[in-house]
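Step one of this worksheet: look at the structure below.
Letters A, B, ... are given to chains in the order of the sequence lines, protein chains preceding strands, and every chain is numbered from 1. Worth knowing before you read on, the calculation uses all heavy atoms, side chains too, and leaves out hydrogens, waters and symmetry mates. This one's a predicted model, so the numbers in the text were calculated from it and none came from an experiment.
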Amino acid sequence: MFEYEVIKNAKGTKARTGKLQTPHGEIKTPVFMPVGTQATVKAVLPRDLDEAGAQIVLSNTYHLYMRPGADLVEEAGGLHSFMGWHKPILTDSGGFQVFSLKGMRKISDDGVRFQSHIDGSYHMFTPESATHTQQQLGADIIMAFDECSPYPCEHDKTMQAMERTHRWIERCIKAKTRHDQALFGIIQGGMHDDLRRQSAEFISNLDLPGVAVGGLSVGEPKHLMNDMLDIISPILPGDKPHYLMGVGSLDCLVEGVHRGIDMFDCVLPTRTGRMGTAVTKRGRLVLRNATYARDFSPIDEDCDCYTCKNFSRAYLRHLIKAGEILAAQLITLHNIRCTIRFMDEIQEAIEQDRFNEFRDYFWRNWHEK
RNA sequence: GGAGAGGUUCCCGAGUGGCUAAAGGGAGCAGACUGUAAAUCUGCCGUCUUCGACUUCGGUGGUUCGAAUCCACCCCUCUCCA
């Protein structure tokens, strides 16, 4: 039901292409997964997502548990049919909310007690319950319930979180009863070399179909994230997919692929799109800014998305300034297409054994600080 | 012709003697955003090179140590009655 196969290992880099077989179809890697936290990629129709080349989307256990409830989704026939997306889905366990809803939760060895951000009610999440909920939701890939350390975080505290994450993954494995879902473990360890190494070894040695890297891109400088990936990448099992969680700016994507990452997810393209910022291969374009008021060219001349084929920067800026919902839709669509197409180009470069040239070329054109 | 109300910084709109370069909102400008509490949040928003200095509240004079705020006249809007 779930299989991963490496297609090509590029030379002079850890970059590789591969194929992931899931119950809802095949995924070619390296892949970018748009985020649809609440069973919807904000501002995008599933139809357009499909057309933009999305192979898989990510959704969120914590949010769907809180609303509308996992029972309801199950009753609807699972997440795929509930949200009308029939390609693969990955659900995050709610582990990230342990980090992001910092003020509204309490961690113990048993699990995490959350106070709902919606109505303030209290809810207990444990490795068992997170796994159970994800089974109800029915995604193709489900994630371990982990504790994501913030940045910065002392060695001691990071170690405790990492060890807890390790204990919890074993409980997730035990709790898992469905065989058509793939459970990925998550490496933690913050920005501490020894912990990262230790966690990478621990998670890699588990009998699981995929390995994820969590706790990165949480506010640390980018070079630190790359350092951590450098430490981890020799340890990661070559025959399993490597998933870097929460990373999605183009510069980070190339560098991640270069370090052997196969899967990425990120809210950046969708969130910044809604805020009026467009993603391009040269760096971001803050369309809201006055410079674009009379710029009648598309976001990117070379982009094949619906937005770029039909609308100018000036028009998009107008929509943003006017508070029109279409602005969010059009820019998000472009950002997703741009990011996905970027991954397609990466795949092509790897297959043609010119990934390093691709990477050099990318950095020569990248203007973001 | 008569009776009222009012003119405040780009706009709306508070402010009735010092704490006022002047509340609040809007607009404008900029920044942030990376397993989504986000169609969000933050900053700037009279001029000058910062501490600070300077010029502002329809106009002109005046009262006062001190005025957007009080007085006089003038200009202009709006409402009601003839």
Checklist line | Residues A:E51, A:R337: salt bridge by 4.0 Å N-O rule | finding: no
Notebook entry, point to check: For A:D353 and A:K8, what are the C-alpha separation, side-chain angles and deciding distance, and is it a salt bridge (charged side-chain N to carboxylate O under 4.0 Å, His left out)?
Noted result: CA-CA 9 Å; A:D353 242 325; A:K8 168 108 185 170; 3.1 Å; yes
Notebook entry, point to check: For A:T291 and A:T270, take the nucleotide of RNA chain B holding the closest heavy atom to each; which residue's nucleotide lies nearer the 5' end?
Noted result: A:T291
Note to self: Please encode protein proximity along nucleotides 37-47 of chain B as a string of B, S and -, counting only heavy-atom distances under 4.0 Å.
What the structure shows: BBBB-------
Next item on the list: For nucleotides B:A21 and B:G46, find the distance between their P atoms and express it as a whole number of Å.
Entry: 13 Å
Notebook entry, point to check: Starting at CZ of A:F99 and ending at P of B:C33, how long is that distance when rounded to a whole Å?
Noted result: 13 Å
Margin query: Does anything in residues 55-71 of chain A form a salt bridge (Lys or Arg N to Asp or Glu O under 4.0 Å)? List the pairs, not counting sequence neighbours.
Written below: none
Margin query: Testing the 3.5 Å rule here: is there a donor-acceptor pair between the side chains of A:D48 and A:Q329?
Written below: no
Item checked: A:P46: side chain to side chain contact (heavy atoms under 4.5 Å, CB included) partners, not counting sequence neighbours -> A:W85
Item checked: Candidates B:G28, B:U36, B:C33 - which lies nearest the side chain of A:T272 -> B:C33
Check: Quick one: are A:D344 and A:I340 in side-chain contact, heavy atoms under 4.5 Å?
Finding: yes
Next item on the list: Would you mind telling me which of A:H242, A:M245, A:R196 makes a side chain to side chain contact (heavy atoms under 4.5 Å, CB included) with A:V213?
Entry: A:R196
Note to self: What residues from residues 138-148 of chain A pass a heavy-atom cutoff of under 4.0 Å to RNA chain B?
What the structure shows: A:D146, A:C148
Next item on the list: Mind calculating the distance between CG (A:L137) and P (B:G35) to the nearest angstrom?
Entry: 19 Å
Check: Who pairs with A:D194 by salt bridge (Lys or Arg N to Asp or Glu O under 4.0 Å), at least two apart in sequence or on another chain?
Finding: none
Item checked: Electrostatic pair A:E147:A:R164 at N-O distance under 4.0 angstrom -> yes
Note to self: Counting only heavy atoms and a strict 4.0 angstrom limit, can you tell me which residues of residues 158-167 of chain A come near RNA chain B?
What the structure shows: none
